[in-house]
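Shown next, in structure tokens, is the structure this report addresses.
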Amino acid sequence: MKINGTPYRSVWVDENDGWSVHIFDQTRLPFALEVMRLVSQDEVAHAIRTMQVRGAPLIGAVAAYGLALALRTDAQDAALEDNAAMLAATRPTAINLRWAIERMLTHLRPLPPAERAQAAYAEAARICDEDAAQNEAIGRHGLELLRAIADRHGPDRTINILTHCNAGWIATVDWGTALAPIYMAHDAGLKVHVWVDETRPRNQGAALTAWELGSHGVPHTVIADNAGGHLMQHGQVDIVIVGTDRVTRSGDVANKIGTYLKALAAQDNAVPFWVALPSTTIDWTVDDGIKEIPIEERAAGEVTHVAGRDPQGKVTQVQITPDGTNAANPAFDVTPARLVTGLITEKGRCPASQAGLLSLFPELG
Ligand SMILES: CSC[C@@H](O)[C@@H](O)C(=O)COP(=O)(O)O
């Protein structure tokens, strides 16, 4: 996507040295757009853990480059396996991370150590190119849903879309998942407006989705996380589109905490609830998402404190709970397939079910 007219991806290799890896530090957004240079697998792991890079597809792609960085110093079998395991353990819920590391290992294990670093960079680049292409295709398949709404209501009526968390281009290598159809609809001249859930506790909606949509000129309004149900009751949401960190083979969807409540409200109000994902987010080994998907538990400080900019322009953290208050911070929840209208993938749309997924991906099941 473009920033001030210049096209960017969310991760790239330094074009001068040919090996260091660049990302945008997402913890600095929306107040500063800062490029970070990563030079070791430890720095990559730290960036993933602290959410300087985040979003299921992007952490997979960045971890692949993390392995490439590690192989520059030691490409022997033991180092390959140790570094892969260390990177795969940085965050537990998004399956793309494990998928990317497994793909890298499958590619690299048969090679002689002397060839591994170069091959790792090439494979990581392929993962990035594929992710960008898959998300663009998701955009096209999701755009058809938005066009159908426009056809029903006429071109003058604004299409109101609600989204949760950030599933835009900064959460992927390019385009985004849930936001890709919205960018395409906006570019095609459809009148769209996005209700952006703030997405406590880390505020990915308020900070990242609002920044992305604003930079692209897409009309949007940030709402408190609890406002969505009310808006749906009053006919102000035509469709919900969210991303996901893991979809089970039966169509259960893990996504940022609070997604499940939006799906419940959507069902109660007959609002379609769609989930956008590349096939790299499907975990074919898991059936029951509630029982089997590991849910990341993050630090209580993310709940007891919020970051923001003070009137002097300084970005700071403030405490919002009494001293010593206990806080729990499950970072994801699982929306059962029965609440999901359908899945939008790079191969097209399907019901959130094993049969639906197999109809699009018979070779992966
Ligand atoms: C295209 S990204 C889809 C999901 O990864 C996104 O909605 C999400 O939940 C991200 O969680 P985060 O904890 O910010 O990495």
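It should be emphasised that the depicted structure is a prediction, and the values quoted were computed from it without experimental measurement. For ligands, and for the atoms within them, numbers begin at 1 and follow the listed sequence.
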Atom 15 (O) of ligand 1: which of R91, R202, M51, R246 has the nearest heavy atom?
-> R91
Distance under 6.0 Å and angle within 45° of the ring axis: does K256 meet both against F332?
-> yes
With ring pair (Phe, Tyr, Trp, His ring centres under 6.0 Å) as the test, would you mind laying out the steps for W211 and F31 before giving the verdict?
-> CA-CA 9 Å; W211 173 78; F31 305 116; over 10 Å; no
Could you tell me whether ligand 1 has any atom less than 4.0 Å away from a heavy atom of A94?
-> no
Under the criterion side-chain contact (heavy atoms from CB on, under 4.5 Å), which of L208, I161, T209 is the partner of V196?
-> T209
Short side-chain donor-acceptor distance under 3.5 Å, D283 and T285 = yes
Mark up the atoms of ligand 1 that fall under 4.0 Å of a heavy atom belonging to A56, in ascending order.
-> 2 (S), 5 (O)
Step through it carefully: locate the ring centre of W19, locate the ring centre of Y65, and say whether they are under 6.0 Å apart.
-> no
T259 near ligand 1, heavy-atom distance under 4.0 Å?
-> no
V192-I239 co-clustered via ILVMFWY side chain contacts under 4.5 Å = yes
From the candidates V242, D245, L179, the one that places a heavy atom nearest atom 4 (C) of ligand 1 = D245
Considering heavy atoms of the protein only, find what lies nearest to atom 14 (O) of ligand 1 and give residue, atom and distance to 0.1 Å.
-> R54 NE, 2.4 Å
Note: Q204, heavy atoms under 4.0 Å from ligand 1, region reported as side chain
Could you walk me through whether R54 and D245 pass the salt bridge (charged side-chain N to carboxylate O under 4.0 Å, His left out) check?
-> CA-CA 10 Å; R54 47 149 295 286; D245 293 82; over 6 Å; no
heavy-atom search around atom 6 (C) of ligand 1 in the protein gives N255 OD1, 3.5 Å
If you have a sec, work out which protein heavy atom is nearest atom 1 (C) of ligand 1 and how many Å separate them, to one decimal?
-> T177 OG1, 3.1 Å
